[in-house]
2 protein chains.
Amino acid sequence: MARLTCPSTAQASTPGGSATWPSRRHRNHSLKREVVVRAAARAFNAKGFHNASLDDIAAALGVSKPTVYYYVESKEQLLFECFQAGLERIRAGLREVEHSPRPGRERLDEVVRHYAEAVASEFGWCMVRAEDQDLGPELSLHIKKLKAEIDRGMRRLLDEGIRDGSIEPCDTKMTAFAMAGALNWIAHWYRENQPMTPAQVADKFVAVFEVGLLPRRTPA
Amino acid sequence: MARLTCPSTAQASTPGGSATWPSRRHRNHSLKREVVVRAAARAFNAKGFHNASLDDIAAALGVSKPTVYYYVESKEQLLFECFQAGLERIRAGLREVEHSPRPGRERLDEVVRHYAEAVASEFGWCMVRAEDQDLGPELSLHIKKLKAEIDRGMRRLLDEGIRDGSIEPCDTKMTAFAMAGALNWIAHWYRENQPMTPAQVADKFVAVFEVGLLPRRTPA
DNA sequence: CAAAAAACTTACTATTGAGTAATGTTTCGT
DNA sequence: ACGAAACATTACTCAATAGTAAGTTTTTTG
């Protein structure tokens, strides 16, 4: 069996050479750990959490199963990391527009675009199709908190948009649920070889959410 | 252990007393089979497909595992039946409005209401959260066909609504995907004890889809 | 170079859970 | 009542797979 290869050891941004920076060995360790997590994400994506064995994941990496356990403590942890990696991308999108001066609707659109890209990514499956049931109580609770934070963020943007007049008044709870559902579901049908890029899908969805089904009198 | 109890043996509609109608015993058999399938749906709903064992399902019914196998041939088949039961409710909604003279948008709204009720039902989980991965190629293909039929039905309604002027022109493929995603996702968050009924949720969703986020000039 | 730490391997254990064989017990038609 | 079909049980088999123990090779460092 081969060694675990690092992903193009591209000087993983060493900000301030601060006091106790992990030795080169340690940096390799965490880089390789990421490689393992990504391989797990792909395996879960392809076969589902329960149908993807750790042997599968190890084989995909060209290493043996205990090597995987050398980098990660359990299968549950592996799922958790994937979960978190996906959710983090959405949270980043929310943070990015947090203090923007633009109207609520434009900021919400921006968040939708980030959201769609995250869900269409290799971690999309884990965020969306993995069951909380497969995580223990502690990790499950942690994920729930992250999801709740995302929900709050979207509702706040809706609220602000309504207040600044860029969004039609509506039930923000149900609207946020509907939007999140539509976006999450992308993970079920989007595939790499799709003709549309995630960004294009996102734009289409923005249009659907914005316009609505009822005909609009085009202002002559 | 107790016997498997039939659900209020309410004369399961014996249409034409045709030649080879199964004896009363057989009618009991299929009734009990339904009971087993529903118990499976609840178990899958509560613990997920892989975490719910056939022993669990049997225990919930107060019988032993081989009794379950007396009514259904495999766990896969059990999942398939749940899947199908849920999808059938949606298809029924589509059929109901098929030859209605009403405008496209109103018919689509009606379908959305049926859809939401189906997804909020005990079979909702199976339709939405179960992986195709867990079904063999034949059954998986069958489910795919049913899902494709539902998708076609929704797109057709959108097309007809656009043609008759009751729906704003849009990308019908993406719009159908977004609507189906939002509706499917209901299965993830809706719980029996929710203050809102499925019908109320459906109405809220209809409003979200119809109105859109962009402010509408209220026609003075 | 040699000792020590890190990275991996082979070869296991142990559990879980789907599915079955053989057998016992109700219920029904006659 | 009584034989047969239907219904249900106990007690298994068997495969898959998460996780581990103990040892081997590679790399780093003094």
Side-chain angles (χ1 to χ4, degrees), chain A residues 1-7 9 21-36 39-40 43-44 47-81 130 133-136 139, chain B residues 1-7 9 20-36 39-40 43-44 46-81 130 133-136 139:
Chain A
M1 289 271 182
R3 301 219 113 200
L4 238 180
T5 51
C6 282
T9 319
W21 184 255
S23 73
R24 183 136 88 267
R25 278 155 132 142
H26 284 88
R27 206 163 63 233
N28 271 356
H29 186 89
S30 68
L31 279 176
K32 289 188 180 181
R33 188 186 161 100
E34 269 177 48
V35 173
V36 171
F44 295 157
K47 310 180 71 173
F49 178 67
H50 288 279
N51 297 326
S53 71
L54 277 169
D55 287 298
D56 289 336
I57 296 168
L61 289 167
V63 298
S64 64
K65 183 165 57 173
T67 298
V68 173
Y69 277 100
Y70 182 72
Y71 289 102
V72 82
E73 48 261 59
S74 68
K75 196 182 183 186
E76 181 195 355
Q77 185 72 30
L78 217 36
L79 179 60
F80 175 76
E81 304 265 352
Q133 321 279 357
D134 299 325
L135 293 175
L139 297 186
Chain B
M1 290 270 181
R3 302 219 114 201
L4 238 180
T5 52
C6 283
T9 320
T20 54
W21 184 253
S23 73
R24 183 139 88 267
R25 278 155 132 143
H26 284 88
R27 207 164 63 234
N28 272 355
H29 186 88
S30 68
L31 280 176
K32 290 188 181 180
R33 187 186 161 99
E34 271 177 46
V35 173
V36 171
F44 295 157
K47 310 179 71 173
F49 178 67
H50 287 279
N51 298 326
S53 71
L54 277 169
D55 288 297
D56 289 336
I57 295 167
L61 289 166
V63 298
S64 63
K65 182 165 60 172
T67 299
V68 173
Y69 277 100
Y70 182 71
Y71 291 100
V72 83
E73 46 262 60
S74 69
K75 195 182 183 187
E76 180 195 357
Q77 185 71 28
L78 217 37
L79 178 60
F80 176 76
E81 304 265 352
Q133 322 277 357
D134 299 326
L135 294 175
L139 297 185

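A, B, ... follow the sequence lines: proteins, then strands. Residue 1 opens every chain.
As a whole-Å value, the separation of A/K47 NZ from D/dT17 C1' is 12 Å. Taking atom CG of residue A/L79 and atom P of nucleotide D/dT17, one finds them 17 Å apart after rounding to whole Å. When the P atom of C/dA6 is taken as reference, atom OH of A/Y69 falls 22 Å away, rounded to whole Å. Rounded to whole Å, the distance from CD on A/E73 to P on D/dT20 is 11 Å. Residue B/N28 contributes atom CG, which lies 14 Å from atom C1' of D/dA5 at whole-angstrom precision. As a whole-Å value, the separation of A/L78 CG from D/dT17 P is 16 Å.
A search for salt bridge (Lys or Arg N to Asp or Glu O under 4.0 Å) contacts involving A/D56 returns A/K47, not counting sequence neighbours. When the salt bridge (Lys or Arg N to Asp or Glu O under 4.0 Å) test is applied to A/K65, the partners found at least two apart in sequence or on another chain are A/D55. For B/E76, the side chain to side chain contact (heavy atoms under 4.5 Å, CB included) criterion is met by B/S74, B/L135, B/L139, not counting sequence neighbours. In this view, A/Y71 and A/H29 satisfy the ring pair (Phe, Tyr, Trp, His ring centres under 6.0 Å) rule, not counting sequence neighbours. Every residue two or more places apart in sequence or in another chain that forms a side chain to side chain donor-acceptor pair (under 3.5 Å) with B/Q77 is listed here: B/E81.
Scanning atom types as modelled, one donor and one acceptor separated by under 3.5 angstrom connect the side chain of B/K65 and the base of C/dG19. On a pure distance criterion of 3.5 Å, no polar donor-acceptor pair joins the side chain of A/K32 and the base of C/dA7.
Residues from residues 48-57 of chain A lying near DNA chain C, meaning a heavy-atom separation below 4.0 Å, are absent.
The shortest distance between the side-chain N/O atoms of B/H29 and the OP1/OP2 oxygens of D/dA6 is not below 4.0 Å.
The C1' atoms of five pairs define one axis at each end of the helix from C/dC1-D/dG30 to C/dT30-D/dA1, and these two axes lie 10° apart (to 10°).
Closest to the side chain of B/Y70, from the set C/dA7, D/dA18, D/dC7, is D/dC7.
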Can you tabulate the close N/O pairs, meaning under 3.5 Å, that link protein atoms to atoms of nucleotides 22-24 of chain C?
none

